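Shown next, in structure tokens, is the structure this report addresses.
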Amino acid sequence: MLSNNDGCIVARSNEAKALGIGMAEPFFKVKEIIESNNVQVFSSNYTLYGDFSQRVMSILQELEEHVECYSIDEAFIEFRESTPDDLEGYARRIRAMIKQYTGIPVSIGIAETKTLAKIANRIAKKKAEHNGVFVINAETDTDALLEKIEVEDVWGIGNKSALKLQYNGITNVLQLKNADDLWIRKWFGIQGIRTVTELRGVSCIALEEAPPPRQSIMYSRSFGERVTSYQYLEEAVSTFATKVAEKLRKYGLLAACVHVNLGTNRFNKLPKYYAAHAMELPQPDNATPVLVSSALEILRYIFREGYEYQKAGVLVTGLSDAETAQLKLFEQRDEKTLKLMDALDRINRRWGRTVLEPASNGITKAWTMRRDRKTPGYTTCWHEIPVVK
DNA sequence: TCTGGGGTCCTAGGACCC
DNA sequence: TCTGGGGTCCTAGGACCC
């Protein structure tokens, strides 16, 4: 499966992995392998994945009380007083249920801490003999298990940390678990200490059942083709600001600050330019016209003639709850605009996301991203529902 | 020709205050 | 040769996650 704009490989079947197609590899670099082996390639379709994600998550939430929806395809469940006697059997029943209701195969790892559960899950997924479920408990020879896993496979240890660890002779997870606390603190910060402590079976990364309040909302895209004209850039930034405003209203939030960034391609040899600038709004807001006009004002300020632009983005920060927002003394949110935005959202929900949009978004959409091999929105779009003939 | 997007948290360093 | 201490706040950059 490909990233946005059909740029990079972001998910692979086991068969594709076996052909040597790497994670995050640019598509054009492995095109030959793909074509000569008849590998099926799909553009990403996050609306569809989001729909299936919700189906799976709601099954978990119906079964269990303490569920953290961690990402689009992962959840943590904490068994507190409800711990079933036969954990493994219970996990297998959950797995079968999800498969039956959604057709999605999942793997389940169980352990004392999140970090160890991620390791258990990895084993469940990788070793066919476990059939999708693996439990690390008091009877498990955990040390022998950890010794066989490399540090870079631990949740919280990325590229850089793995290199640093390996350089210091720590290559497997058992060594990491037994590493010196002070040394870890010094070189890997408190995140490092948390990871190591969790490996020792002491939980210190809490379950987050209610998602923490958001700090920022961003919409940014690479363009399907290079953009040189100010007009196209303006249309793109206006469209991104529109999306951000929609998201703010969807989550019932106001933004205090708008940021815009734009840049050229980092990889080619053409002249490079990157700029980002932020502006505080007169008062926290989520109305499309306010967001769009501020974003365009920033764009005018940072735009430079003569570059081939490759991407742009709009970011809002200083988010607050729209219901309880602090407005400046004597200031009120404009009733007319509130009603207008409400009508706009209802019409777009009913008739399609871009039925009504600001004129500044333009109609050419020359810059929109490539998605040449999109999976149909089987369950999310009326025109793309599977047809039985 | 072609190299993703959206987040979070932590840290270091600078500016500023008394 | 000399060069306070303690604190806050902000920002940029790094690292990580999926």
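Numbered from 1 within each chain, the chains take letters A, B, ... in sequence-line order. Please read all numbers here as calculations on a predicted model, not as lab measurements.
The nucleotide whose nearest atom lies closest to any side-chain atom of A:K118 is, among B:dC10, C:dC18, C:dC16, C:dC18. The listed nucleotides are C:dC18, B:dC9, B:dT3; the one nearest the side chain of A:C8 is B:dT3. Candidate nucleotides B:dT3, C:dC18, B:dG5 were compared by shortest atom distance to the side chain of A:S222, and B:dG5 ranks first. Nearest nucleotide to the A:S161 side chain, out of C:dC17, B:dG4, C:dA15: C:dA15. For A:Q215, counting side-chain heavy atoms from C-beta on, the closest listed nucleotide (C:dC18, B:dC9, B:dG4) is B:dC9. You'll find that the side chain of A:Y70 is closest to C:dC17, out of B:dT8, C:dC17, B:dT3. The A:S220 side chain lies nearest to B:dG6 when the options are B:dG6, B:dG7, B:dG4. The nucleotide whose nearest atom lies closest to any side-chain atom of A:R214 is, among B:dT8, C:dA15, B:dG5, B:dT8. In the set B:dC2, B:dG7, B:dG5, B:dG5 carries the atom at the smallest distance from any side-chain atom of A:K311. The A:Q191 side chain lies nearest to B:dC9 when the options are C:dC16, B:dG5, B:dC9.
Nucleotides B:dT3 and C:dC18, compared at atom P, are 25 Å apart to the nearest Å.
Screening A:R249, A:K243, A:E246, A:E357 against A:T288 for a side chain to side chain donor-acceptor pair (under 3.5 Å) leaves a single residue, A:R249. Looking at A:E74, A:E198, A:E68, A:E208 one by one, the single match for salt bridge (charged side-chain N to carboxylate O under 4.0 Å, His left out) with A:K114 turns out to be A:E68.
No engagement by A:E208 is indicated, since no non-hydrogen atom pair under 4.0 Å with the nucleic acid exists. Within 4.0 Å (heavy atoms only), A:L2 reaches no atom of the nucleic acid at all. Here A:S44 lies out of heavy-atom contact (under 4.0 Å) with every strand. Using a 4.0 Å heavy-atom cutoff across all strands shown, A:V30 reaches no nucleic acid atom at all. Backbone-only contact: A:I157 has heavy atoms under 4.0 Å from sugar-phosphate atoms and none from a base.
A close approach under 4.0 Å does not occur between any side-chain nitrogen or oxygen of A:R226 and OP1 or OP2 of B:dT1. One finds no side-chain N or O of A:K160 lying less than 4.0 angstrom from the OP1 or OP2 phosphate oxygen of C:dG13. Between A:S216 and B:dT8 there is a side-chain polar atom (N or O) within less than 4.0 angstrom of OP1 or OP2.
A cation-pi arrangement, defined by a distance under 6.0 Å to the six-membered ring centre and an angle within 45 degrees of its axis, is absent between A:K374 and A:F42.
Between A:M218 and A:N265, the residue anchored nearer the 5' end of DNA chain B, judged by the nucleotide with its closest heavy atom, is A:N265. Nearest-nucleotide assignment on DNA chain B puts the 5′-proximal partner with A:F267, out of A:F267 and A:R185.
By the 30° and 60° cut-offs, the orientation of the rings of A:Y70 relative to A:W155 is perpendicular.
A salt bridge between A:R349 and A:D345 is absent, with no side-chain N of the basic residue lying under 4.0 Å from a carboxylate O of the acidic one. A salt bridge between A:K160 and A:E152 is absent, with no side-chain N of the basic residue lying under 4.0 Å from a carboxylate O of the acidic one.
Under the Watson-Crick and G-U wobble criteria, each requiring two contacts below 3.5 Å, nucleotide C:dG6 is paired to B:dC17.
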